[in-house]
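First comes the structure, then the notes that go with it.
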Amino acid sequence: HTGLPLNYSKSWSKALPALDIHYKIQPGWVAYAQVAEGFQAPKLQLWRASQADITQNTFKPSTTWNYQVGTTLKNRRVDLSADAYYITVTNLTKHINSTGGYFIYINSDKATYKGVEGSATVYVGNGFSVYGYGSINSAKDQNNQWIVAAPDSTAGGGLIYNDHGWYGSLLDSYIGKQYGNSGNTTPIAAYSQADAALSYTLKGDDAPNWLQSARVNLQVHNLFDKHSITALFGQAGNSAQTNLYWTMPGRSYFLTLSAHI
């Protein structure tokens, strides 16, 4: 550690082809298919922590081929979507070990992500809508091991109100089982979190001109104050190498006031 700022750069370039086809089945109902190549540069932390001579770092960008087919349906009362996806990844970066919160990273050869997902919003009347979504996922490397922090499923839903300047929501999100390490020896159990929001936007005769569109917004995250484990932080430096975990932050409140001047 010299105490001096770290100054270095690295650049990559790549053409990224894509094909997107849409077919209108009828007004408001569309089917689509997409194929695209993707590209992601290595994260900054890999260059900062891997070795002293940054110019000798051999991490490569991750590249993907993404395939997706799906459909969307929209009308005055319903907004539906569903799709299936298949993604192949080359040079996926993953960590293989962790002690005292420090990870060892490598470029894995290949990985495959695939699954199905969908969402729906249905207006039930008097300003109220019911919302829900869900997915079933698979994310595995070439050794058939599950990718770290990739849940096997997600789901959520709740109630939304939006009328006469008022907006309110009560939504719950679910994250399925995942693994905290690349050896798949540390499973992370499924967990969920509920959030609530309430806001009012001034308009019409509610306020003078200079306060038109002013908004008061209250948000409550983690409504039930859960502290579920969400990820593996690493392992302690003791002889037992005790696992250390990240957990959900406790309940929090956010009050915001905004206005156009």
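Other residues, nucleotides and ligands contribute at most 12 non-hydrogen atoms within 6.0 Å of the CD1 atom of Ile136.
With 3.5 Å as the limit, one finds a donor-acceptor pair spanning the side chains of Ser199 and Arg215. Side-chain contact, Ser81 with Thr72: no donor N or O sits under 3.5 Å from an acceptor N or O. Between the side chains of Gln193 and Asp195, at least one donor-acceptor pair of N or O atoms lies under 3.5 Å. For the residue pair Asn181 and Tyr179, no side-chain donor N or O sits within less than 3.5 Å of a side-chain acceptor on the partner. Using modelled atom types and a 3.5 Å distance limit, the side chains of Lys226 and Ser192 yield a donor-acceptor pair.
Close placement of the Tyr161 and Phe128 rings is indicated, their centers lying within 6.0 Å of each other.
By the 30° and 60° cut-offs, the orientation of the rings of His221 relative to Phe254 is perpendicular. The aromatic rings of Tyr133 and Tyr131 are tilted relative to each other, their planes meeting at an angle between 30° and 60°.
Hydrophobic clustering places Ile87 together with Ile147 (ILVMFWY residues linked when any side-chain heavy atoms are closer than 4.5 Å, directly or through intermediates).
Taking both residues in full, the closest heavy atoms of Pro151 and Ile175 are given as CB-CG2, 3.8 Å, listed atom of the first, atom of the second, then distance. Annotation for Ile188 and Tyr245: closest pair CD1-CE2, 4.0 Å, computed over non-hydrogen atoms.
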